[in-house]
Amino acid sequence: DRMSLTYEKRAELAKNGVAKQLFSIIATKKTNLCLSVDLTSATKILDLLEKVGEHVCLVKTHADIIEDYTSDFITRIKQLADRFNFLILEDRKYADIGHTVSLQYSKGLYKVGDWADCVTAHSLPGEGILKALSSSNGVNRGVFLLAEMSSEGNLITPDYKEATVAMASKYPELITGFVCQNKDTFKDPGLIQLTPGVQLESSKDDLGQVYNTPEKVILEKGGDVIVVGRGIVAAKSPEAQAVIYKDTLWKCYLKRVSG
Ligand code: 6AU
């Protein structure tokens, strides 16, 4: 069962190149923290990553909230990714027909396909969306499919979740893992459980987000890579807070694989 396997072992089992790479980075840097840099200023994002890049395995962006987005921002975030050895996930949550998604992925202002190691997508439209995202010409790319959400009242049902996992199994070379909340959602130890909705204390925000603690998310719910946004970004010292999250999350992982 994937709960007791180390990240090193799981790197060997991964079929998607990005999953393999991410498991290896996690094992090397000893961090399973994904920072969600939900800031609207490119300069602020780059400043923050200068400070916390060494503590994270994955940086999750929402390119479409950045007010001063330019190709220079991409050049610089890629330099930081190389320097600190982290991957970039553009959290676009594609959810349209394959043809539209292939345009959204490769064209427009953001040209996500040029720079993002991986992206998020909903399974809702059917597997055309995965066909569209598969066609990135041999470049090492991956997709996290949304199988569950952290927000209260979301409309995902157990059947939808199972159908999502079944759909993903037809695209083993493309799928990096699932954005999900529970360890029973999927079994394949070569895939990554990316879990958002995490803060040091259980709580909620005013718009339906639900937070669980690192202990609960890693030890009970099976999170492999943990997404933290405001828990770090909105802290007085994001750098100090990133270290606290990194250490706490890593301890939980060590406890999980040791027992
Ligand atoms: O820690 P927060 O609440 O500040 O940020 C959580 C981040 C946000 C959401 O867009 C994203 O995680 N997210 C996702 C993802 C990653 O796809 C799915 C979900 O169910 N809940 C969620 O919060 O950038």
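Numbering of ligands and ligand atoms starts at 1, following listing order.
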**Q** Considering only heavy atoms, does Y211 approach ligand 1 within less than 4.0 Å through its side chain, its backbone, both, or neither?
**A**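 Under 4.0 Å from ligand 1, Y211 contributes side-chain atoms alone.
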
**Q** Below 3.5 Å, N or O to N or O, backbone or side chain included: is there any such pair between Q181 and ligand 1?
**A**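 No, no N or O pair falls under 3.5 Å.
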
**Q** For K93, counting its heavy atoms only, list the atoms of ligand 1 lying under 4.0 Å from any of them.
**A**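 Taking each heavy atom of K93 in turn, ligand 1 has 10 (O), 14 (C), 15 (C), 17 (O), 18 (C) under 4.0 Å.
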
**Q** Hey, does S151 come in under 3.5 Å of ligand 1, counting only N/O atoms on both sides?
**A**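 For ligand 1, there is no N or O atom that lies under 3.5 Å from one belonging to S151.
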
**Q** For ligand 1, which atoms, with element, lie under 4.0 Å from some heavy atom of V227?
**A**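 Ligand 1 atoms under the 4.0 Å threshold to V227: 12 (O).
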
**Q** Residues in side-chain contact (heavy atoms from CB on, under 4.5 Å) with A168, at least two apart?
**A**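 For A168, the residues satisfying side-chain contact (heavy atoms from CB on, under 4.5 Å) (neighbours in sequence not counted) are L145, I175, F178.
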
**Q** Would you please say whether a donor-acceptor pair under 3.5 Å links the side chains of Y160 and S123?
**A**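 Indeed, the side chains of Y160 and S123 share at least one donor-acceptor pair under 3.5 Å.
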
**Q** Where's the contact between S150 and ligand 1, heavy-atom distance under 4.0 Å: side chain, backbone, both or neither?
**A**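 Both backbone and side chain of S150 come within 4.0 Å of ligand 1.
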
**Q** Look at K161 together with D184 and state whether they make a salt bridge at an N to O cut-off of under 4.0 Å.
**A**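 No, no charged N to carboxylate O under 4.0 Å.
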
**Q** Does any non-hydrogen side-chain atom of T120 lie less than 4.5 Å from one of L146?
**A**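 Yes, their side chains come closer than 4.5 Å.
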
**Q** Record the part of Q199 in heavy-atom contact with ligand 1 below 4.0 Å; permitted values are side chain, backbone, both and neither.
**A**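 It is neither part, as no heavy atom is under 4.0 Å.
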
**Q** Answer side chain, backbone, both or neither: which part of R230 comes under 4.0 Å from ligand 1, heavy atoms only.
**A**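 Answer for R230: both.
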
**Q** How does D91 reach ligand 1, if at all, at less than 4.0 Å between non-hydrogen atoms: by side chain, backbone, both, or neither?
**A**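 The answer is the side chain.
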
**Q** Please check if atom NZ in K78 has more than 12 non-hydrogen atoms from other residues, nucleotides or ligands closer than 6.0 Å.
**A**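 Counting neighbours around NZ of K78, more than 12 heavy atoms of other residues, nucleotides or ligands fall under 6.0 Å, so yes.
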
**Q** Using distance alone, decide if ligand 1 has a nitrogen or oxygen within less than 3.5 Å of any nitrogen or oxygen in V179.
**A**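 The answer is no, given that V179 and ligand 1 share no N or O pair closer than 3.5 Å.
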
**Q** Among residues two or more places apart or on two chains, list those pairs meeting ring-ring contact (aromatic ring centres under 6.0 Å, His included) that have a residue in residues 1-48.
**A**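 Listed by first then second residue: Y7-W250, Y7-Y253.
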
**Q** Can you confirm whether K111 is buried at NZ, in the sense that more than 12 heavy atoms of other residues, nucleotides or ligands lie under 6.0 Å from that atom?
**A**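 Yes - once you tally the heavy atoms of other residues, nucleotides and ligands closer than 6.0 Å, there are more than 12.
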
**Q** For M149, counting its heavy atoms only, list the atoms of ligand 1 lying under 4.0 Å from any of them.
**A**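 Once the distances to M149 are compared, the set is 19 (C), 20 (O).
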
